[in-house]
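Below is one structure, written out as structure tokens; comments come after it.
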There are 2 protein chains.
Amino acid sequence: MEKTDILAKLPGAFTESALRQEMITHGKFITVNKDDTIVREGQFLDFLPIVITGEIRVFQQKEDREILLYYVREGQTCMMSLSAAYFSQTSTSYGVATKPSEIFVFPTRLVNEWQLKYSSWNAFLIQTFRSRYDELLGSFESVAFDPIDKRLLTYLKNWAQKENSPKIVISHQNLAYELGTTRVVVSRILKGFEQQGKVKLFRGYIQLK
Amino acid sequence: MEKTDILAKLPGAFTESALRQEMITHGKFITVNKDDTIVREGQFLDFLPIVITGEIRVFQQKEDREILLYYVREGQTCMMSLSAAYFSQTSTSYGVATKPSEIFVFPTRLVNEWQLKYSSWNAFLIQTFRSRYDELLGSFESVAFDPIDKRLLTYLKNWAQKENSPKIVISHQNLAYELGTTRVVVSRILKGFEQQGKVKLFRGYIQLK
DNA sequence: AGAAAACGGTATCAAAAGTTACATAACTCA
DNA sequence: TGAGTTATGTAACTTTTGATACCGTTTTCT
């Protein structure tokens, strides 16, 4: 890919042209396939990824259960990597591409350098910390206070809104993973929703009504 | 209190003398009593607090249940306030002093100004975001994956370690609040721990063995 | 001292969620 | 086409947690 093309794909948030030039000079452009693992638990991070296109799912895993933390979408970066960039640490989460994605990666040492030189980079970092924190707080509140059926319905509605379609393409098993529960529980609750007329169930997808 | 005394109490992390001078010039020193509320849910924040002495408990509340997010201790600031300082927002948490405390507060506009001018202030902010994020992530993992008895035991052990004493002075009711459950549940589990010889129960405190 | 509040113990019941097991339908692919 | 895989449905059961109620003891406050 040409450098000018990469430039065009960089989030518009980076206003300083000197910064954009540095990003192109030092960054490395990589593409990943669906289900490729970008970051795994325990991995030492010496790079910071910014998603150009596609989506990375960031989650935690304990034994055979996992739970969704958040998604990294276009123009965003991974909180765990950013964190590790400041204080050399290993990741406590997994990052897996949910679709074919293009990612721009930088050596972590630049994260600090740029912060002092470029205010738009600094704003990007603060914005990232802040929004990831809010997201996590939201998840926390939800797990701490809300019963699973409510969380499940919220998840479905969010999906439908995000995709702008009432057809939610996901298996019960994967829904269970997202919410940190089990397949049987999800099937049971969904069947309840169907009887209440809230959804219609099909193999491989759910129609929100 | 004399300004020189305040200076002496500022966290050593603020290395630039110009910054320390600005903090004294623009900051306001306040003292609060135990159980005083510093921040409440829905409150608009136009100040950033740094705890000089004492401790602030930050928690969430829904109806009559609450759950601990973290403590703000000496030299630390409140994540929610910091967050609000960047993006004018209201707090979604409560902050209550657990003991008589001294707090230094600044107008939020300075938070941004200082970040560009003083690198030690910037490092302080990043460190704050980062450590609060990690704490919240820890709480999240715990709530998502661990049964209450395990969380309770962890809480007791952390307390004992922090205070360097096996005598944990807290009521069952307050333990329940910290963990987001109810008094009866805590009493039941603690009694179980006692029968297993893990603790010894007294009125008003718990002896960890 | 006497009342009120705080603290803790415990029994009983209900609800939520997880576990195990088994069955059927649909899809995939050699 | 037929075997293997994936997706879903559902029953029965257990465990965990929460809700309610009532008790006696200790502390606090007037």
Side-chain angles (χ1 to χ4, degrees), chain A residues 34-35 61-68 139 141-156 159 167-208, chain B residues 34-35 61-68 98 141-156 159 167-208:
Chain A
K34 179 163 157 41
D35 297 328
Q61 195 165 44
K62 289 261 179 85
E63 282 116 50
D64 58 344
R65 287 176 60 198
E66 56 180 58
I67 192 159
L68 174 70
S139 301
E141 288 177 45
S142 176
V143 169
F145 293 114
D146 298 340
I148 295 188
D149 53 354
K150 184 174 172 188
R151 290 201 284 136
L152 176 53
L153 194 56
T154 301
Y155 185 94
L156 296 178
W159 177 302
K167 182 176 175 180
I168 296 139
V169 183
I170 190 174
S171 71
H172 295 187
Q173 179 62 69
N174 284 332
L175 264 176
Y177 283 146
E178 297 285 271
L179 299 171
T181 181
T182 62
R183 202 269 309 168
V184 177
V185 171
V186 169
S187 292
R188 183 194 296 159
I189 292 170
L190 282 175
K191 191 46 88 177
F193 285 168
E194 189 173 49
Q195 278 157 9
Q196 296 166 42
K198 288 177 179 163
V199 301
K200 206 157 185 309
L201 302 179
F202 302 89
R203 181 188 174 89
Y205 68 98
I206 297 155
Q207 188 87 23
L208 194 58
Chain B
K34 179 165 155 43
D35 297 329
Q61 194 166 44
K62 290 262 179 83
E63 283 117 50
D64 58 343
R65 287 178 59 198
E66 56 180 58
I67 192 159
L68 174 70
T98 62
E141 288 177 45
S142 175
V143 169
F145 293 113
D146 298 338
I148 295 189
D149 53 354
K150 185 174 172 188
R151 289 201 285 137
L152 177 52
L153 194 57
T154 300
Y155 185 93
L156 297 178
W159 177 301
K167 182 175 174 180
I168 295 139
V169 183
I170 190 173
S171 70
H172 294 186
Q173 178 61 69
N174 284 333
L175 264 176
Y177 282 146
E178 297 285 271
L179 299 170
T181 180
T182 62
R183 203 265 311 167
V184 177
V185 171
V186 169
S187 293
R188 183 195 295 160
I189 293 170
L190 283 176
K191 191 46 87 175
F193 285 168
E194 190 174 49
Q195 279 158 9
Q196 295 167 41
K198 289 178 179 162
V199 300
K200 205 157 187 308
L201 302 179
F202 302 89
R203 182 188 175 89
Y205 68 97
I206 297 155
Q207 188 86 24
L208 195 58

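Residue numbers begin at 1 in each chain, while the letters A, B, ... track the order of the sequences. Computed from a predicted model, the values in this text were never measured in an experiment.
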Looking at D:dA7, does its base get a donor-acceptor pair with the side chain of A:Arg183 below 3.5 Å? no
Classify the side chain of A:Arg203 and the base of D:dT8 as holding, or not holding, a donor-acceptor pair under 3.5 Å.
-> no
- Task: Look at A:His172 and D:dG9 and indicate whether a side-chain polar atom (N or O) is within less than 4.0 Å of OP1 or OP2.
- Result: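 Yes.
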| message | OP1 or OP2 of C:dT10 versus the side-chain N and O atoms of B:Ser187: is any pair under 4.0 Å? | response | no
Starting the side chain at C-beta, find the nucleotide from [options] nearest to [X].
{"X": "B:Val184", "options": "C:dT19, D:dT17, D:dT20", "result": "D:dT20"}
{"X": "B:Thr182", "options": "D:dT8, C:dA17, D:dA19", "result": "D:dA19"}
{"X": "B:Thr181", "options": "D:dG18, C:dG8, C:dG18", "result": "D:dG18"}

Given atom [atom1] of [X] and atom [atom2] of [N], what is their separation to the nearest angstrom?
{"X": "A:Ile189", "N": "C:dA15", "atom1": "CD1", "atom2": "C1'", "result": "13 Å"}
{"X": "A:Leu152", "N": "C:dA16", "atom1": "CG", "atom2": "P", "result": "15 Å"}
{"X": "B:Gln173", "N": "D:dT27", "atom1": "CD", "atom2": "P", "result": "19 Å"}
{"X": "A:Gln195", "N": "D:dG9", "atom1": "CD", "atom2": "C1'", "result": "11 Å"}
{"X": "A:Arg151", "N": "C:dA17", "atom1": "CZ", "atom2": "P", "result": "8 Å"}
{"X": "A:Leu201", "N": "C:dT24", "atom1": "CG", "atom2": "C1'", "result": "16 Å"}
{"X": "B:Lys200", "N": "C:dG8", "atom1": "NZ", "atom2": "P", "result": "15 Å"}
{"X": "A:Lys150", "N": "C:dA17", "atom1": "NZ", "atom2": "C1'", "result": "17 Å"}

Out of curiosity, [X] [atom1] to [Y] [atom2], how far, rounded to the nearest 0.5 Å?
{"X": "A:Arg188", "Y": "A:Ile148", "atom1": "CZ", "atom2": "CD1", "result": "9.5 Å"}
{"X": "A:Leu179", "Y": "A:Thr154", "atom1": "CG", "atom2": "OG1", "result": "9.5 Å"}
{"X": "A:Thr181", "Y": "A:Asp149", "atom1": "OG1", "atom2": "CG", "result": "11.0 Å"}
{"X": "B:His172", "Y": "B:Lys191", "atom1": "NE2", "atom2": "NZ", "result": "8.0 Å"}

Between A:Arg188 and A:Tyr205, the residue closer to the 5' end of DNA chain D by nearest nucleotide is A:Tyr205
_Just to be sure I understand the rule, does A:Leu190 reach a base, reach only the sugar-phosphate, or reach nothing, if contact means heavy atoms closer than 4.0 Å?_
nothing
Residues B:Ile170 and B:Glu178: closest non-hydrogen pair is CD1-CG, 4.3 Å
